[in-house]
Amino acid sequence: MTASQETAPEASVATPEPRSRRARADLRIVHISDTHLYGDDSLHYGIVDTTAALRRVLAAAEEIPGVDAVVLSGDLSEDGSVASYRTLRDLVDPWACERGAQAIYAMGNHDHPDAFAEVLGPRTRVHTMGRHRIVTLDSSVPGAAYGSLDAAQLAWLQSELSESVDLGTVVVVHHPPTHAVTPLLRLLELDDPHALLGVLDGSDVRLVLSGHYHHPLVTLERGIPIVVAPGVTNTSDVTTPENVERARIGAGFALVDLPASGAPRVSLVRAPSERDGELVFELDADGIHDIARSFGRPE
């Protein structure tokens, strides 16, 4: 059962316009994903200081002008603690506020629904931004790493999309509705992505922002651009053989410009450290199978 099946999707929430928001036709988004923060000083895999990595990402985006939204597409916490979400909020919200931008958060498979909601607000939400709309979904499955969207959440989304907005909608969902590149993540994809794509097809949705894969990916599904942000905590190695899953130290984000019409322009930005490229983990076929068995779909 998905987290979204346990509670009905939240009602639409009209968020206030940022102070500097102009009635313009473009939308500029800093897209960040997979921060995996802790509520204490723990290191991810005993190696990566994820809070420091997020600070580097925000510093790398420091001089970008005209940012309208900072979108974080899930796996925000590693330990699911209230403290980890407070750390995230205390870093991101002031950064966004200084630029007159909205901070928008979505659930991932590592996130804890109650702690997320306590600090960051509703897990599914509609953000109205001038002539655009951003909708966040919750694709998490309790105790699992694959994603799912139940019938209730899809029906809610379809209802929200039944009325178009002037310049279109951006959907944020942690598990991308497109196939993974690396072997472990292919076992931990979104269940039935075509169910989601069927709801998006023919709507005013112009862009889907996702994470989960820990490497940048830009593709089309049914003519809709799918943008997967680089991971903050580490970077998946897409060059490995079929039976190897490997991650290295590396962080970045996607800068997404959505014009009034036509395709988005996506720029991928690194936030380097002196340790970039160091091995975080490497799994062979047995290791991949063990994780998939523990956190994947029931056999």
Side-chain angles (χ1 to χ4, degrees), residues 30-61 71-81 84-85 87-88 91-92 105-111 139-140 144-147 174-176 180-189 209-218 227-255 268-285 287-288 290-292 294-296:
V30 171
H31 177 202
I32 299 170
S33 198
D34 295 275
T35 52
H36 290 268
L37 299 188
Y38 291 86
D40 55 21
D41 296 326
S42 296
L43 300 180
H44 197 247
Y45 283 92
I47 298 171
V48 180
D49 183 336
T50 53
T51 301
L54 176 58
R55 291 181 186 276
R56 287 200 309 275
V57 164
L58 294 173
V71 172
L72 290 94
S73 57
D75 276 5
L76 309 181
S77 172
E78 177 65 19
D79 61 9
S81 66
S84 66
Y85 293 109
T87 296
L88 179 73
L91 287 173
V92 175
Y105 304 95
M107 280 276 296
N109 51 278
H110 277 273
D111 290 307
S139 59
S140 65
Y146 69 94
H174 180 66
H175 296 81
V181 176
T182 61
L184 174 61
L185 290 167
R186 281 199 294 269
L187 300 174
L188 303 174
E189 294 176 341
L209 301 179
S210 296
H212 191 51
Y213 292 165
H214 284 242
H215 67 81
L217 176 66
V218 180
V227 177
V228 180
V232 170
T233 184
N234 59 52
T235 300
S236 296
D237 187 345
V238 299
T239 69
T240 59
E242 282 296 307
N243 59 349
V244 174
E245 185 82 19
R246 181 188 299 141
R248 298 186 182 277
I249 292 178
F253 65 94
L255 176 62
L268 301 172
V269 184
R270 293 178 59 248
S273 76
E274 67 279 0
R275 298 182 63 192
D276 271 17
E278 287 185 26
L279 185 68
V280 176
F281 67 81
E282 181 169 310
L283 301 173
D284 59 14
I288 291 169
D290 288 345
I291 290 179
S294 298
F295 300 104

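Residue indices begin at 1 and follow the sequence shown.
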Practice item. In sequence, state the C-alpha distance, the side-chain angles, and the governing distance for E242 and R186, and then conclude on side-chain contact (heavy atoms from CB on, under 4.5 Å). Key: CA-CA 11 Å; E242 282 296 307; R186 281 199 294 269; 2.6 Å; yes
Review point. Would S73 and H31 count as having a side-chain donor-acceptor pair, cut-off 3.5 Å?
Key: yes
Point to revise | Side-chain donor-acceptor pair present, H36, T233, cut-off under 3.5 Å | key: no
Check your understanding: So which heavy atom on I47 is nearest to which on V280, and how close?
Key -> CD1-O, 3.7 Å
Review point. Minimum heavy-atom separation for A292 to L184, with atom names?
Key: N-CD1, 4.4 Å
Point to revise | Separation of I32 CD1 from L58 CG (nearest 0.5 Å) | key: 5.0 Å
Review point. If only atom types and distance count, is the side chain of E189 paired as donor or acceptor with the main-chain N or O of A180 below 3.5 Å?
Key: yes
Practice item. Output the distance between atom CE (M107) and atom CG (L72), rounded to the nearest 0.5 Å. Key: 14.0 Å
Exercise for review: Kindly check if the number of other-residue, nucleotide or ligand heavy atoms within 6.0 Å of CG (D41) is above 12?
Suggested key: no
Point to revise | Atom pair CD1/CG of I288 and L187 - distance to nearest 0.5 Å | key: 7.5 Å
Review point. Do the side chain of D111 and the main chain of D75 share a donor and acceptor less than 3.5 angstrom apart?
Key: yes
**Study point:** Polar side-chain atom of S273 near backbone of R275 as donor-acceptor pair, under 3.5 Å
**Key:** yes
Revision key, fill the gap. Rounded to the nearest 0.5 Å, the CG atom of L54 sits from the CG atom of D34 at a distance of 12.0 Å
Check your understanding: Are V57 and V30 side-chain neighbours, meaning at least one heavy-atom pair lies under 4.5 Å?
Key -> no
Practice item. Determine the sole option in T235, N234, D237 for which the side chain to side chain donor-acceptor pair (under 3.5 Å) test with H214 is passed. Key: N234
**Study point:** Shortest non-hydrogen separation from S81 to Y38 and the atoms involved
**Key:** OG-C, 4.5 Å
Check your understanding: Do the side chains of H215 and V181 get nearer than 4.5 Å, heavy atoms only?
Key -> yes
Point to revise | Donor-acceptor under 3.5 Å (D79 side chain, G39 main chain) | key: yes
**Study point:** Heavy-atom donor-acceptor pair, S236 side chain to Y213 backbone, under 3.5 Å
**Key:** yes
Check your understanding: Under 3.5 Å, is there a donor-acceptor pair between the side chain of T35 and the main chain of L76?
Key -> yes
Exercise for review: Would you mind reporting whether L188 and H175 have side-chain heavy atoms less than 4.5 Å apart?
Suggested key: no
Check your understanding: Between A61 and F253, what is the shortest heavy-atom contact and its length?
Key -> CB-CZ, 3.7 Å
Point to revise | Any donor-acceptor N/O pair, N243 side chain to D284 backbone, under 3.5 Å | key: no
Review point. Considering only heavy atoms from C-beta outward, does the side chain of L88 approach that of Y105 to under 4.5 Å?
Key: yes
Review point. Which value, rounded to the nearest 0.5 Å, describes the distance between T239 atom OG1 and R246 atom CZ?
Key: 6.0 Å
Check your understanding: Got V228 and H212 here, is their nearest side-chain heavy-atom distance under 4.5 Å?
Key -> no
Study note, to complete from the structure: Smallest heavy-atom separation, S33 atom then G74 atom, equals OG-O, 3.7 Å
Check your understanding: Can you name the closest pair of heavy atoms from A254 and V227 and give their distance?
Key -> CB-CG1, 4.4 Å
Check your understanding: Is it true that atom CZ of R56 has more than 12 heavy atoms of other residues, nucleotides or ligands lying nearer than 6.0 Å?
Key -> yes
Check your understanding: Hey, does I249 have a side-chain heavy atom less than 4.5 Å from the side chain of V48?
Key -> yes
